[in-house]
Amino acid sequence: MTAEAPTAPALPYGRLIPVAVHFDDLDALGLLHNARYPLMVERAWAALWQEHGFRFEGDWAAAGDACNAVKELRITYEAPVTRPGPYAVHLWLERLGTTGLTYGFRFCSVDGAQTFARGTRVLVRLDAATLRPAPWSEEFRTAGRALLRPAD
């Protein structure tokens, strides 16, 4: 008998990406440090985009859609994370523009049922030579459309 990996719960939109909180991610009070949430969200996004072939490997000119910068980050903390272990980040796109996008996220329990923090982040795709806004590639836009949150 072999153990099967647990299946991710069905979400109405976006993806649930597993992350791990380690002991050294906690602050002096034993809570997940506030600066670790965006870091874990960033790592979850990196893992998701790498699944689609988008990654930064040290060369901005070759980075394509991975050449981008954060314009805005908003986060609200809803419940404290008080112990190390497995968690998840629910990721989706709120908006996919020509040169920018807004993504939403929830830092949550592995099954997505409990939310510890939520927020949005605005990214702008940059031309590596000029550092001016540049359009996302069609491959990136195709992958991004699958992550768009339906309009309410």
query: Quick one: do Leu73 and Val41 end up in the same hydrophobic cluster if we chain Ile, Leu, Val, Met, Phe, Trp and Tyr together by side-chain heavy atoms under 4.5 Å apart?
result: yes
message: Is there a side-chain contact (heavy atoms from CB on, under 4.5 Å) between Val89 and Leu16? Walk through the geometry before answering.
response: CA-CA 6 Å; Val89 178; Leu16 200 59; over 6 Å; no
message: If only side-chain N and O atoms count, and only distance matters, is there a donor-acceptor pair under 3.5 Å linking Thr115 with Arg106?
response: yes
message: I need the minimum non-hydrogen distance between Asp127 and Ala134, along with the two atoms involved.
response: N-CB, 3.6 Å
- prompt: Got a sec, which pairs hit ring-ring contact (aromatic ring centres under 6.0 Å, His included) with one end in residues 113-133, sequence neighbours left out?
  reply: Tyr87-Phe116
- prompt: For the atom pair CG (Leu91) and CG (Leu11), what is the distance rounded to the nearest 0.5 Å?
  reply: 10.0 Å
statement: Applying salt bridge (Lys or Arg N to Asp or Glu O under 4.0 Å) to Arg125 and not counting sequence neighbours gives Asp65
- prompt: Just by distance, do the side chain of Thr102 and the backbone of Val122 share a donor-acceptor pair under 3.5 Å?
  reply: no
task: Evaluate side-chain contact (heavy atoms from CB on, under 4.5 Å) for Leu32 paired with Met40, printing each intermediate quantity in order.
output: CA-CA 11 Å; Leu32 180 59; Met40 292 191 190; 4.0 Å; yes
- request: Please assess Val124 against Val70 for the test side-chain contact (heavy atoms from CB on, under 4.5 Å), listing each intermediate value before the final yes or no.
  value: CA-CA 6 Å; Val124 177; Val70 176; over 6 Å; no
field: Note, Pro18 side chain near Val110 side chain (heavy atom, < 4.5 Å)
entry: no
- request: Mark yes when over 12 heavy atoms from residues, nucleotides or ligands other than Arg83 sit less than 6.0 Å from its CZ; otherwise mark no.
  value: no
message: Taking side chain to side chain donor-acceptor pair (under 3.5 Å) as the definition, give me every residue that meets it alongside Gln50, ordered by chain and number, with sequence neighbours left out.
response: none
- request: Apply salt bridge (Lys or Arg N to Asp or Glu O under 4.0 Å) to Glu94 and list each qualifying residue two or more places apart in sequence or on a separate chain.
  value: Arg149
field: Leu123-Phe56 co-clustered via ILVMFWY side chain contacts under 4.5 Å
entry: no
Working for side-chain contact (heavy atoms from CB on, under 4.5 Å), residues Phe54 and Leu48: CA-CA 9 Å; Phe54 303 104; Leu48 186 143; over 6 Å; no
task: Mind jotting down which residue pairs meet the side chain to side chain donor-acceptor pair (under 3.5 Å) criterion with at least one end in residues 12-37? Sequence neighbours excluded, please.
output: Arg15-Glu51, Asp25-Arg36
statement: In this structure, NE2 of His90 is separated from OG of Ser109 (nearest 0.5 Å) by 12.0 Å
- request: Could you check if a side-chain atom of Leu26 sits within less than 4.5 angstrom of a side-chain atom of Leu31, using non-hydrogen atoms only?
  value: no
query: Which residues satisfy the salt bridge (Lys or Arg N to Asp or Glu O under 4.0 Å) test with Arg145, sequence neighbours excluded?
result: Glu138
Same cluster (ILVMFWY, side-chain, under 4.5 Å), Trp92 and Leu148: no
message: Test your reading of the model: is there a side-chain donor-acceptor pair from Trp49 to the backbone of Ala66, 3.5 Å cut-off?
response: no
- prompt: Linking I/L/V/M/F/W/Y whenever any side-chain heavy atoms sit under 4.5 Å apart, do Leu96 and Trp45 land together?
  reply: yes
- prompt: Above 12 or not: heavy atoms from other molecules or residues under 6.0 Å from CZ of Arg74?
  reply: no
- request: May I ask you to decide if Pro38's main-chain N or O and Arg121's side chain share a donor-acceptor pair within less than 3.5 Å?
  value: no
query: Mind checking whether Tyr103 and Leu126 sit in one hydrophobic cluster, side chains of I, L, V, M, F, W, Y counted as touching below 4.5 Å?
result: no
message: Contact between Trp136 and Leu101 at the side-chain level, heavy atoms closer than 4.5 Å - yes or no?
response: yes
